[in-house]
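Handing you a structure now.
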Amino acid sequence: MADTQRLTRSFDDTSLLTPLFGPHNAHLERIGQTLGVEINSLGNSVDILGPDEAARQAGVVLDSLYQRLRKGFAVETADIEAALRMSALPAQPAADTTIITRKRHIEPRTPGQADYIRAMNESELVFGLGPAGTGKTYLAVAKAVSMMLKGEVDRIILSRPAVEAGERLGFLPGDLREKVDPYLRPLYDALHDMLPGDQVVKKLASGDIEVAPLAFMRGRTLASAFVILDEAQNTTPVQMKMFLTRLGEHSRMVVTGDLSQIDLPPGTKSGLQDALDTLSGVNGIAAVQFTERDVVRHGLVSRIVRAYDARDRERKAGGPT
């Protein structure tokens with residue numbers, strides 16, 4: 001049985017105690033129930049009683065939430081859940097996984113997100129793999145904006161396969177912009193989270209930021225750029241090779257996708273899977289696999305992902321369909 005210990009945490013700024021502890025100490029209760037410890041408040045301090053590791057994690061959670069409040073950010077349910085997920089990790093320098101943009105300071109909310117940010121810091125080509133809601137695209141756009149603001153790249157290029165079944169743009173109504181914008185909207189949304197709207201418009205007009213369907217990448221060499229390919233599971237091997245070989249000097253690439261959501265015609269191998277198979281072990285390339293534990297949308301999304309994963313495992317094992 002784990003040893004029990006008592007830890008004390010004190011917080012100097014008494015104006016932050018109510019948002020830290022929560023109404024009627026609701027935040028302390030949530031942390032205590034999740035980690036299996038007892039947390040009692042007394043003035044500007046809390047006593048934490050429980051197994052060694054759980055008590056340590058509770059202290060880490062409270063410290064991180066307090067620092068968040070000191071920076072002027074609110075503490076909401078999602079922030080508590082993120083701090084609980086991150087508390088199991090060894091201590092890391094904050095700058096190691098913090099992404100700074102004009103509108104946000106973005107920190108990882110799960111261990112998988114922390115690994116992903118470190119991979120983008122260190123590798124020229126990163127594959128981010130896993131279910132929706134894990135922040136694959138959002139964090140990649142944030143990292144791209146951060147690098148551009150620091151002058152580490154000159155431009156950002158965001159791309160997706162224009163439609164799920166092979167970029168058949170001619171079958172869609174409207175001009176080119178009307179045809180492709182619905183498929184690129186998540187990328188625009190992420191940009192507007194990182195930069196003021198007028199700057200997004202200005203950089204799109206100047207070409208400093210380009211949002212384009214995958215077909216527009218053919219024949220180009222993308223130097224001094226941060227290039228993101230989203231929904232890459234819906235590329236063919238030929239398309240993926242074409243995209244990856246666009247990488248120019250002083251550039252970074254991030255490729256995101258969910259191999260459980262392939263919309264290619266039956267019998268067509270995903271270019272994302274083909275690239276992972278082909279490039280395994282190549283120097284300068286990192287692959288980060290997210291799971292349902294990294295889903296940071298509504299808690300129900302994580303449960304939905306788990307249910308679908310369990311169903312898929314049953315089917316592969318020959319169970320009921």
Side-chain angles (χ1 to χ4, degrees), residues 1-100 104-122 133-135 138-139 142 288 290-299 301-303 306:
M1 183 175 178
D3 292 335
T4 298
Q5 70 165 310
R6 182 185 298 273
L7 297 178
T8 299
R9 286 289 191 277
S10 297
F11 307 99
D12 296 334
D13 190 340
T14 56
S15 68
L16 301 179
L17 296 181
T18 296
L20 177 63
F21 296 170
H24 307 292
N25 287 351
H27 295 170
L28 299 184
E29 290 181 12
R30 173 62 178 156
I31 296 165
Q33 288 172 0
T34 301
L35 296 175
V37 299
E38 181 181 334
I39 306 178
N40 296 304
S41 63
L42 180 62
N44 69 330
S45 300
V46 295
D47 278 341
I48 306 167
L49 181 66
D52 283 353
E53 178 59 18
R56 182 200 69 79
Q57 287 182 238
V60 169
V61 170
L62 287 168
D63 288 344
S64 67
L65 295 175
Y66 180 66
Q67 292 304 318
R68 178 178 176 83
L69 289 165
R70 289 189 63 185
K71 294 175 184 176
F73 300 114
V75 167
E76 300 175 350
T77 301
D79 303 307
I80 297 170
E81 297 300 323
L84 285 165
R85 285 189 293 264
M86 297 299 295
S87 66
L89 290 180
Q92 297 283 345
D96 189 31
T97 55
T98 299
I99 300 175
I100 299 174
R104 293 178 181 270
H105 285 206
I106 299 160
E107 297 177 348
R109 289 176 169 255
T110 71
Q113 288 191 349
D115 290 342
Y116 187 49
I117 294 172
R118 291 192 192 96
M120 290 191 290
N121 290 342
E122 297 166 4
T134 52
Y138 188 85
L139 290 174
V288 177
F290 293 93
T291 71
E292 75 276 357
R293 291 186 297 276
D294 296 300
V295 172
V296 292
R297 291 180 180 170
H298 191 289
V301 175
S302 183
R303 297 195 292 276
R306 281 198 298 270

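We use all heavy atoms of the structure for the numbers below, so side chains are in, but hydrogens, waters and symmetry mates are not.
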Quiz item: For Y66, which residues count as a side-chain hydrogen bond (donor to acceptor under 3.5 Å, both in side chains) partner, sequence neighbours excluded?
Solution: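 Y66 satisfies side-chain hydrogen bond (donor to acceptor under 3.5 Å, both in side chains) with no residue once adjacent residues are dropped.
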
Self-check item: Which residues share a side-chain hydrogen bond (donor to acceptor under 3.5 Å, both in side chains) with Q113, sequence neighbours left out
Solution: none

Quiz prompt | Value rounded to 0.5 Å, distance of CD in E38 from OG1 in T4 | solution =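 The distance works out to 11.0 Å.
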
Self-check item: NZ/NE/NH1/NH2 to OD/OE distance under 4.0 Å, E107 and K71
Solution: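 The answer is yes: the pair qualifies as a salt bridge.
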
Practice problem: Could you tell me the separation between the CD atom of E292 and the OG1 atom of T110, rounded to the nearest 0.5 Å? | Solution: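 E292 atom CD to T110 atom OG1 measures 11.5 Å (nearest 0.5 Å).
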
Self-check item: Partners meeting side-chain contact (heavy atoms from CB on, under 4.5 Å) with S64 (sequence neighbours left out)
Solution: A83

Practice problem: Give every residue pair that meets the salt bridge (Lys or Arg N to Asp or Glu O under 4.0 Å) criterion with at least one member in residues 73-82, sequence neighbours excluded. | Solution: R30-E81, R68-D79, D79-R109

Self-check item: Euclidean distance, L28 CG relative to D47 CG, rounded to 0.5 Å
Solution: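 Nearest 0.5 Å value for the CG-CG distance: 11.5 Å.
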
Quiz prompt | side-chain contact (heavy atoms from CB on, under 4.5 Å) partners of S45, counting only residues at least two apart | solution = T8, S10

Quiz item: Which heavy-atom pair separates G112 from V288 by the least distance, and what is that distance?
Solution: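 That closest heavy-atom pairing would be O-CG1, 3.9 Å.
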
Exercise. Only counting residues at least two apart or in another chain, list the ones meeting side-chain hydrogen bond (donor to acceptor under 3.5 Å, both in side chains) with T14.
Key: none

Self-check item: Counterpart residues, side-chain contact (heavy atoms from CB on, under 4.5 Å), relative to D63 (two or more places apart)
Solution: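 Listed in chain order: R9, F11.
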
Quiz prompt | Pairs involving residues 19-65, ordered by first then second residue, that meet ring pair (Phe, Tyr, Trp, His ring centres under 6.0 Å) (sequence neighbours left out) | solution =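 Applying ring pair (Phe, Tyr, Trp, His ring centres under 6.0 Å) to every pair that reaches into residues 19-65, excluding sequence neighbours, yields nothing.
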
Quiz prompt | M86 vs V60 side-chain heavy atoms within contact, under 4.5 Å | solution =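 M86 vs V60: side chains apart.
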
Quiz item: What distance do L17 atom CG and D12 atom CG have between them, rounded to the nearest 0.5 Å?
Solution: 10.0 Å

Quiz prompt | Steps toward side chain to side chain contact (heavy atoms under 4.5 Å, CB included) verdict (I106, T98) | solution = CA-CA 6 Å; I106 299 160; T98 299; over 6 Å; no

Quiz item: Could you give all pairs that pass the ring pair (Phe, Tyr, Trp, His ring centres under 6.0 Å) test and reach residues 38-62, with sequence neighbours left out?
Solution: none

Quiz item: Taking only residues two or more places apart in sequence, or in another chain, which ones meet D13 in a salt bridge (Lys or Arg N to Asp or Glu O under 4.0 Å)?
Solution: none

Quiz item: Got a second to check how far I99's CD1 is from Y138's OH, nearest 0.5 Å?
Solution: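 Here the rounded value is 9.5 Å.
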
Exercise. Return the set of residues passing salt bridge (Lys or Arg N to Asp or Glu O under 4.0 Å) with R70 (not counting sequence neighbours), or none when no residue passes.
Key: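 For R70, no residue satisfies salt bridge (Lys or Arg N to Asp or Glu O under 4.0 Å) once neighbours in sequence are set aside.
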
Self-check item: Among N25, V75, L69, the one residue meeting side chain to side chain contact (heavy atoms under 4.5 Å, CB included) with L20
Solution: L69

Quiz item: Taking atom types as modelled, is there a side-chain donor on T134 or D294 under 3.5 Å from an acceptor on the other?
Solution: no

Self-check item: Gap separating the CG atom of L16 from the CD atom of Q67, nearest 0.5 angstrom
Solution: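 Rounded to the nearest 0.5 Å, the CG-CD separation comes out at 10.0 Å.
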
Quiz prompt | Pairing residues for A58 by the side-chain contact (heavy atoms from CB on, under 4.5 Å) criterion, not counting sequence neighbours | solution =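 side-chain contact (heavy atoms from CB on, under 4.5 Å) check on A58 returns I31, L35, V37, I39, I48.
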
